Peer 1: 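Mind looking over this structure? Questions follow.
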Amino acid sequence: MEKSTNLSVIQILITLILFFGWPYVATLLAGQLENFTIAATFTIHTITLILVVMNFHVFELHYRRIQNKKKETLLFIVVGFILSCAVTIINELFSKGFIFTPELATLKQYSFFYITIILAYTLCYAICFGITFKCFTDRFKVRIGEKAVILGSGLLFGFFVAITQQGLEWPLLLYSFGYNFLISLITAYLYNQTNSILPMIISFSLTLFLNILL
């Protein structure tokens with residue numbers, strides 16, 4: 001991995017609070033709208049806009065890192081897509097851990113918002129996931145070895161995603177932790193190989209979109 005982007009502590013904290021706090025904001029908003037999918041769509045779009053503006057230099061830097069490595073980047077996008085699809089399929093067939101997915105009834109009822117909802121539940125969520133993972137691991141030291149960092153970051157980030165989005169309900173918390181741990185592990189692996197969060201964002205958003213279609 002290359003050196004951190006020297007993100008400020010405040011920038012890191014705001015990013016973490018926004019991403020890990022969105023389920024609670026969406027739940028409060030759903031009480032007024034009486035529809036969690038619409039509330040989550042509005043919340044995720046808003047948070048994505050804030051995170052992209054606040055961390056724009058990170059996206060710019062990470063784009064430059066892969067700008068001249070198109071074939072390698074495409075390879076890891078495909079690898080990430082295959083791995084995340086495999087993990088998602090296994091989760092859907094066996095453990096049923098939490099995956100950010102819109103309600104089909106809402107998609108049918110609000111068909112004029114279809115694209116907006118789909119974008120929130122795919123690309124926007126993947127952007128939030130990716131940039132938050134970057135902020136979460138920005139101060140991690142690589143002295144103990146890259147494999148240990150990949151495993152440790154996957155464990156910690158997967159745990160926080162699971163506990164904030166699934167809650168403490170057992171055994172769903174365990175299943176959600178397993179799913180998010182593996183997705184975080186894939187994220188860490190792709191970042192380690194490409195020094196960019198963009199391949200993960202693309203591959204994970206495609207996986208989420210395929211999961212909605214199926």
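Everything numeric here is computed off the predicted structure, so don't read it as measured data.
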Peer 1: Given the rule in the side chain to side chain contact (heavy atoms under 4.5 Å, CB included) test, do Thr41 and Tyr121 qualify, once you have shown the distances and angles that lead to the verdict?
Peer 2: CA-CA 7 Å; Thr41 297; Tyr121 277 78; 3.5 Å; yes

Peer 1: I'd like to check Phe59 versus Leu198 (side-chain heavy atoms, cut-off strictly below 4.5 Å). Are they in contact?
Peer 2: yes

Peer 1: Above 12 or not: heavy atoms from other molecules or residues under 6.0 Å from CZ of Phe56?
Peer 2: no

Peer 1: Side chains of Glu169 and Leu172: does their closest heavy-atom pair fall under 4.5 Å?
Peer 2: yes

Peer 1: Any side-chain heavy-atom pair from Leu174 and Gln166 closer than 4.5 angstrom?
Peer 2: no

Peer 1: Which of these, Phe159, Phe129, Phe157, sits in a ring pair (Phe, Tyr, Trp, His ring centres under 6.0 Å) with Phe136?
Peer 2: Phe157

Peer 1: Is it true that a side-chain atom of Ser196 and a backbone atom of His62 form a donor plus acceptor pair closer than 3.5 Å?
Peer 2: yes

Peer 1: Could you tell me which non-hydrogen atom of Glu103 sits nearest to which non-hydrogen atom of Thr37, and how far apart they are?
Peer 2: N-OG1, 3.1 Å

Peer 1: Is the backbone N or O of Phe98 less than 3.5 Å from a side-chain atom of Ser176, with the two atoms forming a donor-acceptor pair by type?
Peer 2: yes

Peer 1: With rounding to the nearest 0.5 Å, note down the distance linking OG1 in Thr207 to CD1 in Ile202.
Peer 2: 11.5 Å

Peer 1: Quick check: closest heavy atoms across Ile197 and Gly130, and the distance to 0.1 Å?
Peer 2: CG2-O, 3.9 Å

Peer 1: Is the Phe19 ring parallel, tilted or perpendicular to the Tyr125 ring (thresholds 30°, 60°)?
Peer 2: tilted

Peer 1: Which label fits Phe181 and Phe177: parallel for a plane angle under 30°, tilted from 30 to 60°, or perpendicular past 60°?
Peer 2: parallel

Peer 1: Taking Asn55 for its side chain and Val58 for its backbone only, find out whether a donor-acceptor pair lies under 3.5 Å.
Peer 2: no

Peer 1: Roughly how far, to the nearest 0.5 Å, is CD of Gln11 from CG of Asp138?
Peer 2: 8.5 Å

Peer 1: Any sub-3.5 Å donor-acceptor pair from Ser111's side-chain atoms to Tyr114's backbone N or O?
Peer 2: no

Peer 1: For Thr88 and Tyr179: C-alpha separation, side-chain torsions, deciding distance, then whether side-chain hydrogen bond (donor to acceptor under 3.5 Å, both in side chains) applies.
Peer 2: CA-CA 7 Å; Thr88 301; Tyr179 174 75; 3.0 Å; yes

Peer 1: Does any part of the side chain of Leu210, heavy atoms only, come nearer than 4.5 Å to the side chain of Leu206, both counted from C-beta?
Peer 2: no

Peer 1: Would you check if the side chain of Ser84 reaches a backbone N or O of Phe81 as a donor-acceptor pair within less than 3.5 Å?
Peer 2: yes

Peer 1: Quick check: does any side chain N or O of Ser184 sit under 3.5 Å from a backbone N or O of Leu182, one acting as donor and the other as acceptor?
Peer 2: no

Peer 1: Taking atom CD as the centre, does Gln67 end up with more than 12 heavy-atom neighbours from other residues, nucleotides or ligands that are less than 6.0 angstrom away?
Peer 2: yes

Peer 1: Would you call Thr187 and Phe204 a side-chain contact if the rule is heavy atoms closer than 4.5 Å?
Peer 2: no

Peer 1: Near Phe36 CZ, under 6.0 Å, is it more than 12 heavy atoms from other residues, nucleotides or ligands?
Peer 2: yes

Peer 1: For a quick test of reading the model, state the closest non-hydrogen atom pair linking Cys135 to Leu7 and the distance between them.
Peer 2: SG-CD1, 3.6 Å

Peer 1: Counting only heavy atoms not in Ile10, do more than 12 fall under 6.0 Å of its CD1?
Peer 2: no

Peer 1: For a 4.5 angstrom cut-off between non-hydrogen side-chain atoms, does Ile14 reach Met54?
Peer 2: yes

Peer 1: Where do Ile47 and Leu18 come nearest, in terms of heavy atoms and distance?
Peer 2: CD1-O, 3.3 Å

Peer 1: For the aromatic rings, using the six-membered ring if either is Trp, is the centroid distance between Trp22 and Phe100 under 6.0 Å?
Peer 2: yes

Peer 1: Check whether more than 12 heavy atoms from other residues, nucleotides or ligands sit under 6.0 Å from atom CD1 of Ile115, and answer yes or no.
Peer 2: no

Peer 1: Are Phe20 and Val161 close enough that some pair of their side-chain heavy atoms sits under 4.5 Å apart?
Peer 2: yes

Peer 1: Between His45 and Thr116, is any pair of side-chain heavy atoms under 4.5 Å apart?
Peer 2: yes

